[in-house]
Colleague: 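Submitted below is the structure of interest, expressed as structure tokens.
Predicted model only: the values in this text are computed from it and were never measured. Here is the naming used below: chain letters follow the sequence lines, and residue numbers restart at 1 for every chain.
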Number of protein chains: 2
Amino acid sequence: MFTELFRHIEEKTALTEADKRGIPNFFVPKRLRKKQFLLQEGEYCRSLAFVARGLLKSYTLDGGGQEHISLFAWEGWWVSDFKSFLFDEKAILSIDALEQSEVLLIDRPNYERLLVEVPAMERYFRILYQNSLVTKDRRLIVSNTYSAREKYVQLITTYPQIAQRVPQHLLASFLGLTPETVSRIKKDIREEA
Amino acid sequence: MFTELFRHIEEKTALTEADKRGIPNFFVPKRLRKKQFLLQEGEYCRSLAFVARGLLKSYTLDGGGQEHISLFAWEGWWVSDFKSFLFDEKAILSIDALEQSEVLLIDRPNYERLLVEVPAMERYFRILYQNSLVTKDRRLIVSNTYSAREKYVQLITTYPQIAQRVPQHLLASFLGLTPETVSRIKKDIREEA
DNA sequence: CCCCTGCATTGATGTGGATCAGGAAGCATT
DNA sequence: AATGCTTCCTGATCCACATCAATGCAGGGG
């Protein structure tokens, strides 16, 4: 279960053998079956989750109970309600599994200890967050300058695999569009070719 | 010039006197007058900028030459085209000063050296980025679930000072709305009271 | 003092994408 | 084979916000 995590860390910074022996002690593995919740809106988010296998979605519910997906997390991604985790607030996000999944959980005390006791992890998270900021910045720009069609095209060219793993109406939700709109966009593209 | 930076760092993590003597050597101060560019689209972004005094805006230009503001940066904020800075790509953002400003610049080699030589700074940036992610996440949710009016209200309640410092059509751009729409929203709110 | 440029306001009109409604195909459960 | 659930498609209508256009006003430079 930790090989995926180590691979992910070592893409960013070096780990000693001692690091590798120590790190697993900070985490708790967990299996999730399809549709099982990792977090529900209103709870307190007690841990960060690293996805070792599978696929989860993270989303808010609006007034009418409609899902608005903010993230798909598959192998190599972290998920949580970050604000709830860091500041002990109630979560506004729900997270559940789209496929049977395996995650590694780290709670707040272990997270803080890990950062202090293993400097490589402080560095890893700095780089991880740094890169995440780059992609969030891009997503924000896309979200308020692109048309519905441009958003859709941008998504499937950036993550070509995603359409195979995620049903279309969930892609629509992620893009802030309705399923009808995405269906029509696909049709238009089809008919042009 | 560095007192603002130290204040900002020490909100997040402790600095020794040795740290404080060392840190200024990694930065170059720069003054900007109103409308002066810190970065133009198409250039390579060579440094991160910490705003010690003043106010800058960071924006993209769309096909029709229209500005889409992605960030206002005032005292205590960092600005850059992060993707360009980190990955040596051409910048898609332009950054210029809305008020006469003073910034502290750190280039890539100094940034990397600083992170390694001053562990407190590795920690500072990890926490800075961690917090930025929380606010970007929130902005993304707002951006594709809120109505124009909700976006406006959310902005001025979160940053009440902003309407005093930033002209209204730039707020509109930041929110992804037209100036006309913002004007009408203000009118509606006025008339309700 | 006047003209120019930039900003805010207001009204009229247009439109991208939402909403509402219906239906068909695939798949799992019984 | 029947039942229901999920996913996707298509058409008709609607609406929030953009676009287009005109006006007023403030500040700044000659």
Colleague: Which residues satisfy the side-chain contact (heavy atoms from CB on, under 4.5 Å) test with B:T3, sequence neighbours excluded?
Modeller: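 B:T3: no side-chain contact (heavy atoms from CB on, under 4.5 Å) contacts found.
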
Colleague: For B:K34 and D:dG27, what is the distance between atoms NZ and P respectively, to the nearest whole Å?
Modeller: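 It works out to 12 Å between those atoms.
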
Colleague: Return a table of donor-acceptor pairs under 3.5 angstrom between the side chains of residues 87-103 of chain A and protein atoms on other chains or two or more places apart.
Modeller:
unit_1	atom_1	unit_2	atom_2	d
A:D88	OD1	A:R46	NH1	3.2
A:S94	OG	A:E41	N	3.0
A:D96	OD1	A:K57	NZ	2.9
A:D96	OD2	A:K57	NZ	3.4
A:D96	OD2	A:Y59	OH	2.9
A:E99	OE1	A:R165	NH2	3.0
A:E99	OE2	A:R165	NE	3.0
A:S101	OG	A:L55	N	3.1
A:S101	OG	A:E99	O	2.7
A:E102	OE2	A:R31	NH1	3.1
A:E102	OE2	A:R53	NE	3.4
A:E102	OE2	A:R53	NH2	3.3

Colleague: Please list, chain by chain and in numerical order, all residues satisfying salt bridge (charged side-chain N to carboxylate O under 4.0 Å, His left out) with A:K187, sequence neighbours excluded.
Modeller: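 So A:K187 forms no salt bridge (charged side-chain N to carboxylate O under 4.0 Å, His left out) with any residue.
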
Colleague: Is A:Y146 isolated, or which residues cluster with it under the ILVMFWY side-chain rule of less than 4.5 Å, directly or via members?
Modeller: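 Members alongside A:Y146: A:V142.
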
Colleague: In the hydrophobic clustering that connects Ile, Leu, Val, Met, Phe, Trp and Tyr at side-chain heavy-atom distances below 4.5 Å, which members other than A:L140 occupy its cluster, ordered by chain and number?
Modeller: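 Other cluster members: B:L140.
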
Colleague: In whole Å, I'd like the distance from the OH atom of A:Y152 to the C1' atom of C:dG17.
Modeller: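 Answer to the nearest Å: 17 Å.
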
Colleague: Could you go through residues 119-126 of chain B and list every donor-acceptor pair under 3.5 Å that involves a side-chain atom there, pairing it with any protein atom two or more places apart or in another chain?
Modeller:
unit_1	atom_1	unit_2	atom_2	d
B:E122	OE2	A:R126	NE	2.5
B:E122	OE2	A:R126	NH2	3.4
B:R123	NE	B:T13	OG1	3.2
B:Y124	OH	B:H8	ND1	2.8
B:Y124	OH	B:W78	NE1	2.9
B:R126	NE	A:E122	OE2	2.5
B:R126	NH1	B:Q130	OE1	2.8
B:R126	NH2	A:E122	OE2	3.4

Colleague: Hey, what are the protein-to-nucleotides 28-30 of chain C N/O distances that come in under 3.5 Å?
Modeller:
none

Colleague: Please state how far atom CG in B:L171 lies from atom C1' in C:dG6, giving the value in whole angstrom units.
Modeller: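 Those two atoms, CG and C1', are 16 Å apart.
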
Colleague: Rounded to whole angstrom units, what separation is found between the CG atom of A:L175 and the C1' atom of C:dA18?
Modeller: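 Roughly 15 Å, once rounded to whole Å.
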
Colleague: Transitive ILVMFWY cluster of B:I127 at side-chain heavy atoms under 4.5 Å: who else is in it?
Modeller: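 Other cluster members: none.
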
Colleague: For residues 20-44 of chain A, pull every pair meeting ring pair (Phe, Tyr, Trp, His ring centres under 6.0 Å), keeping only residues two or more places apart or in separate chains.
Modeller: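 Passing the test, one end in residues 20-44 of chain A: no pairs.
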
Colleague: Have a look at the helix from C:dC1-D:dG30 to C:dT30-D:dA1 and give the angle its two end axes make, five pairs each, rounded to 10 degrees.
Modeller: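 Between the first-five-pair axis and the last-five-pair axis there is 30°.
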
Colleague: Applying side chain to side chain donor-acceptor pair (under 3.5 Å) as the test, list every pair that has at least one member in residues 150-161 of chain B; sequence neighbours left out.
Modeller: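 As it turns out, the side chain to side chain donor-acceptor pair (under 3.5 Å) pairs with a partner in residues 150-161 of chain B, which skip direct neighbours, are B:S147-B:E150.
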
Colleague: Can we say A:R21 and A:E17 salt-bridge, meaning some charged N sits less than 4.0 Å from an Asp/Glu carboxylate O?
Modeller: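 Here A:R21 does not pair with A:E17 in a salt bridge, since their nearest N and O are not under 4.0 Å apart.
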
Colleague: Once each nucleotide of nucleotides 8-19 of chain D is scored for protein heavy atoms under 4.0 Å, what B/S/- sequence comes out, 5' to 3'?
Modeller: SSBBB----SSB

